Visitor: 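One structure, pasted below without further comment.
Labels below follow one simple rule: chain letters A, B, ... track the order of the sequence lines, proteins then strands, and each chain is numbered from 1. Because the structure is a prediction, the values reported are computed rather than measured.
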Amino acid sequence: MHTGRISFDKLPAMDVTALLDGLNPEQRDAVAAPLNHQLVLAGAGSGKTRVLVHRIAWLMQIEHLSPGSILAVTFTNKASKEMRHRIEELTGISPKHLWIGTFHSLAHRLLRTHWQQANLPENFQVIDSDDQLRLIKRIVRAMNIDETDFQPKQAQWYINQQKDEGLRAKHIQPFNDPRAQTMVTIYGAYEDACQRGGMVDFAELLLRAHELWLNQPSVLAQYQNRFRYMLVDEFQDTNSIQYAWLRVLAGDVIPVMAVGDDDQSIYGWRGAKIENILQFTEDFKGAQQVKLEQNYRSTSNILNAANAVIDNNPSRLGKKLWTEGEAGEPISLYEAFNEQDEARFICEQIEQWKIANSDKRYEKIAILYRSNAQSRVLEEAFIRAALPYRIYGGQRFFDRLEIKNAMAYLRLIQNRHDDAALERVINVPARAIGEKTVQQLRTLARENGSSLWQAVTQTVEHKTLTARALTSLTKFTQLIEDMENTCSDIELHEQVDHVIQSSGLIEHHQKEKGEKAQARLENLDELVTAAKSFNLEEAQEKQLENAPEDALIQSPMEAFLDQAALDAGDTQADEFEDSVQMMTLHSAKGLEFPLVFLAGVEEGLFPHKMSADDPVRLEEERRLAYVGITRAMQQLVITYAESRRLHGQEQFNSPSRFIREIPTEYIQEVRLKATIKKPVSNFFSTTAAKEATGLNIGQRVWHAKFGEGVILDMEGQGPQSRLQVSFDFDGTKWLVASYANLKPMDA
DNA sequence: GTTAAGGCATTTTTT
DNA sequence: ATGCCTTAAC
């Protein structure tokens, strides 16, 4: 409904054309659509975020929806922040009252507000997957279940998977499957433990929020009444419970705009349901569909390559990227001798690029790879070449051991019944409360259905342990009580500082040796700094005065703990130094770079061997290739290695099928100048053996006794030639060629 | 309560 | 090759 001309009382004036200016016809369709359901299929680089931001501006300024009546969901905190920022930039309206957040943060907000209706304690704690795993580990042990058979990791995976599907332990009927029965038992015990300790894991946030809708019609009605429009970004990444939550909330009353790209769905392995896109058009009747196919990022050579690759996926909704821009350079393809050579080549290319573009920054360059293990060799080569680099991913700040320990003390001050926190720090630093004592506490807690803290106090009162243990336990409880007392009336960062000091964590890490210790101490300092700047944000927020009905009454510490659990923060420091960006293909989604290297594009590595024989997973690998290719704006360089050392084993992979799927007209092979490709000794020693045997390194062969294998190396000459073969089942062996009688195999 | 030695797996990651 | 984790020994 276009509401025509209405006075823009408080909102800055902006007319219709300004919001649609610079948008292409499809983007305009999406932005200016009536308030009905909409599915926007947005190809890579097609201005997806732009459409979302303009759409929200349109809703506020043209449709006159109040910011508080618009809900926008993203998948990462980073994306939320970006959207807020761009909305403010475009409209000048403070995005304060917009409900923009991740599924998890929105669910969390609901549960904090409606904790009673959700059957949670008011001070419930969000636990991360690390805490979750520890808790499951304890449960599995306490239940005397064989840990080798039921690994906590698997149980964790199982539980999260069930929750993602909206299933509680009581819903699951394992019938005669004993394994499933045990899993369900573990799941049920885990649920009880969480409920007792007021702990909520990530999947639980979503599940509870969903159940809140189902069990509390009045709460649901309240929000259905409040929201006039909802938007979902990265829709292809929604899992079942997220979709269900959204669908129930929307009901028949709230129009939804889903934005996504089926070709960029790369998180199926963690529960994302690409099918939700199809489901959407069925469940949200009359949804208008818009395809954004014009690309503003890459050259047409790059786009054509991407289109050709993704075209090999049979089950697609179908999209074809195009550009008004130039063809650009062909895609470079380099066959490296091994992974060292590959890394060296990339360094050389970057050095040349820098000579030709001395005014441009290194951060315009990205190296993308399938798995993190590949970064090591690249890193070494970069250090040798003295090129600046930054590796994305890896451990996040709040995931670090020392930070988690410090946070556990803070959590314990906040909530004595947080068993996960107590277990973590009761003997860190060591205070003579050993495994045996803790075990007894656990037993006692289980018998009473109480928390560990209660077990500790009870033990101390009744003196049911050795005098030695009792002294230690008393000291510990005293420590925590003292901490709370001291912290009750000081600033947040002072609280953090005090806890770090008085807990003995500083001394604990000082005693550690090696470089790590120093880094840990620095991180603890950094935590105080983080608390300081958090204080600032809090203060600012208070000044702005949130709408009262949204206000959550939380102490700064509570808010700080929540943020630490839900927003792991930016990955690493050093982000200010201009450097080449190295990351996995997964973390590259949503980013773009003028120059992109795709490294290790080999069968077995990419597509990964774990996915190679499952058509569904293979399609996802191909989508990953599509994501990788479309990150490049001007120049794409693909490299692969003839041989690669991985997990201490030499491997001979053939070039990835994804390379073959790119039409040769878009590719230019790069040969190195006069550089010697292979180490000389190896080259000569293998030549004679090759002639004598008629076989080649990397070739697959068959042996009468050992079966199939791959030739890794050869040496010697004539009948004396020896071959090193890695057999699929019998390991690696050296064989004399004239006796081995190896038969070459195809493929 | 701390350290050394052996076993074992080893894609991708956000919340 | 490496790192993580459990177990065994100081």
Side-chain angles (χ1 to χ4, degrees), chain A residues 73-80 101-108 126-134 137 141 147-148 151-153 160 163-164 200-207 209 234 237-239 241-242 265-272 339 368-377 380 392-396 398-399 401 427-437 468 472 508 511-513 562-569 571 583-590 600 604-612 614 617-618 620-621 623-625 627-628 644-651:
Chain A
V73 197
T74 64
F75 271 82
T76 62
N77 292 304
K78 198 174 145 201
S80 297
T102 62
F103 276 105
H104 290 88
S105 70
L106 292 167
H108 174 246
V126 180
I127 59 168
D128 65 17
S129 36
D130 185 62
D131 293 323
Q132 184 187 35
L133 183 62
R134 286 163 160 269
K137 223 177 245 176
R141 276 179 199 164
E147 258 181 86
T148 44
Q151 286 162 10
K153 267 257 168 58
N160 289 334
K163 288 190 180 187
D164 283 348
V200 176
D201 64 48
F202 292 132
E204 184 75 22
L205 285 170
L206 303 173
L207 182 53
E234 305 281 13
D237 288 337
T238 49
N239 65 26
I241 193 73
Q242 288 162 340
S265 161
I266 54 175
Y267 288 111
W269 50 274
R270 66 177 200 210
E339 77 279 2
L368 311 181
Y369 36 78
R370 177 65 234 267
S371 60
N372 285 309
Q374 289 170 254
S375 66
R376 178 104 114 232
V377 181
E380 285 162 5
Y392 274 67
Q395 226 188 8
R396 268 176 284 280
F398 284 104
D399 286 342
L401 176 99
N427 202 30
V428 175
R431 46 175 77 86
I433 303 174
E435 188 50 37
K436 232 172 68 196
T437 309
R468 215 183 105 145
S472 306
H508 176 65
K511 266 188 265 170
E512 269 183 301
K513 44 198 171 211
D562 277 344
Q563 197 215 265
L566 284 166
D567 183 0
T571 19
M583 67 190 83
T584 63
L585 285 153
H586 281 90
S587 12
K589 195 169 83 151
L605 209 67
F606 187 32
H608 197 273
K609 58 178 179 298
M610 306 294 275
S611 309
D614 177 353
R617 301 177 86 184
L618 192 63
E620 184 156 307
E621 295 276 325
R623 292 194 290 267
L624 200 51
V627 167
R644 177 178 300 275
R645 194 176 257 295
L646 201 62
H647 310 313
Q649 275 280 303
E650 198 92 14
Q651 292 183 358

Visitor: Do the side chains of A/H586 and A/Y267 get nearer than 4.5 Å, heavy atoms only?
Guide: yes
Visitor: Salt bridge between A/E650 and A/R644, side-chain N to carboxylate O under 4.0 Å?
Guide: no
Visitor: Identify, between A/G434 and A/L566, the residue whose nearest nucleotide on DNA chain B lies closer to the 5' end.
Guide: A/G434
Visitor: Using whole Å, report how far CZ of A/F202 lies from P of B/dT13.
Guide: 16 Å
Visitor: One pair to check against side chain to side chain donor-acceptor pair (under 3.5 Å): A/T74 and A/T102. What are the steps and the verdict?
Guide: CA-CA 5 Å; A/T74 64; A/T102 62; 5.8 Å; no
Visitor: Without decimals, in angstroms, what is the distance between A/Q374 CD and C/dA1 C1'?
Guide: 15 Å
Visitor: Minimum heavy-atom separation for A/D399 and A/Q395, please, with both atom names.
Guide: O-NE2, 3.1 Å
Visitor: Base, sugar-phosphate alone, or nothing: which one does A/A432 contact when heavy atoms must sit under 4.0 Å apart?
Guide: sugar-phosphate
Visitor: What is the distance from CG of A/L133 to P of B/dT14, rounded to the nearest Å?
Guide: 18 Å
Visitor: Under 4.0 angstrom, heavy atoms only, what part of the nucleic acid is A/L368 near: base, sugar-phosphate, or nothing?
Guide: nothing
Visitor: Can you measure A/F398 atom CZ to B/dT14 atom P for me and round it to whole angstrom units?
Guide: 16 Å
Visitor: Taking N or O atoms only and anything under 3.5 Å, show me the protein contacts with nucleotides 2-6 of chain C, one pair per line.
Guide:
from	atom 1	to	atom 2	distance (Å)
C/dT2	O5'	A/R376	NH2	3.4
C/dT6	OP1	A/R141	NH2	3.4

Visitor: Give a yes or no answer on whether the side chain of A/N77 reaches the backbone of A/L566 with a donor-acceptor pair at less than 3.5 Å.
Guide: yes
Visitor: Answer yes when A/E204 and A/K163 have at least one side-chain N-carboxylate O distance shorter than 4.0 Å, and no when they do not.
Guide: yes
Visitor: P atom, C/dC4 versus B/dT13: distance in rounded Å?
Guide: 16 Å
Visitor: Can you tell me the distance, in whole Å, between the CG atom of A/N239 and the P atom of B/dT15?
Guide: 14 Å
Visitor: Checking side-chain hydrogen bond (donor to acceptor under 3.5 Å, both in side chains) against A/D237, which of A/Q242, A/R270, A/K589 comes through?
Guide: A/K589
Visitor: A/N427 near the nucleic acid: base, sugar-phosphate alone, or nothing, with a heavy-atom cut-off under 4.0 Å?
Guide: sugar-phosphate
Visitor: Can you tell me how far C1' of B/dT15 sits from CG of A/D399, to the nearest Å?
Guide: 11 Å
Visitor: Determine the contact category for A/D201: base if any of its heavy atoms lies under 4.0 Å from a base atom, sugar-phosphate if only primed atoms, P, OP1 or OP2 are that close, otherwise nothing.
Guide: nothing
Visitor: Check this for me: does any side-chain nitrogen of one of A/E620 and A/R623 sit under 4.0 Å from a carboxylate oxygen of the other?
Guide: yes
Visitor: Check nucleotides 10-12 of chain B for protein N or O atoms closer than 3.5 Å to its own N or O atoms and list the pairs.
Guide:
from	atom 1	to	atom 2	distance (Å)
B/dT11	O4'	A/H608	NE2	3.3
B/dT11	O2	A/R370	NH1	2.7
B/dT11	O2	A/R370	NH2	2.4
B/dT11	O4	A/R617	NH2	2.3
B/dT12	OP1	A/N372	N	2.6
B/dT12	OP1	A/N372	ND2	3.0
B/dT12	O4'	A/R370	NH2	3.1
B/dT12	O2	A/W269	NE1	3.4
B/dT12	O2	A/R370	NH2	2.5

Visitor: Could you tell me whether the side chain of A/Q649 and the main chain of A/L646 form a donor-acceptor pair under 3.5 Å?
Guide: no
Visitor: For A/L106 and B/dT14, give me the distance from atom CG to atom C1', rounded to whole Å.
Guide: 15 Å
Visitor: CD of A/E380 versus P of C/dA1: gap in Å, rounded?
Guide: 13 Å
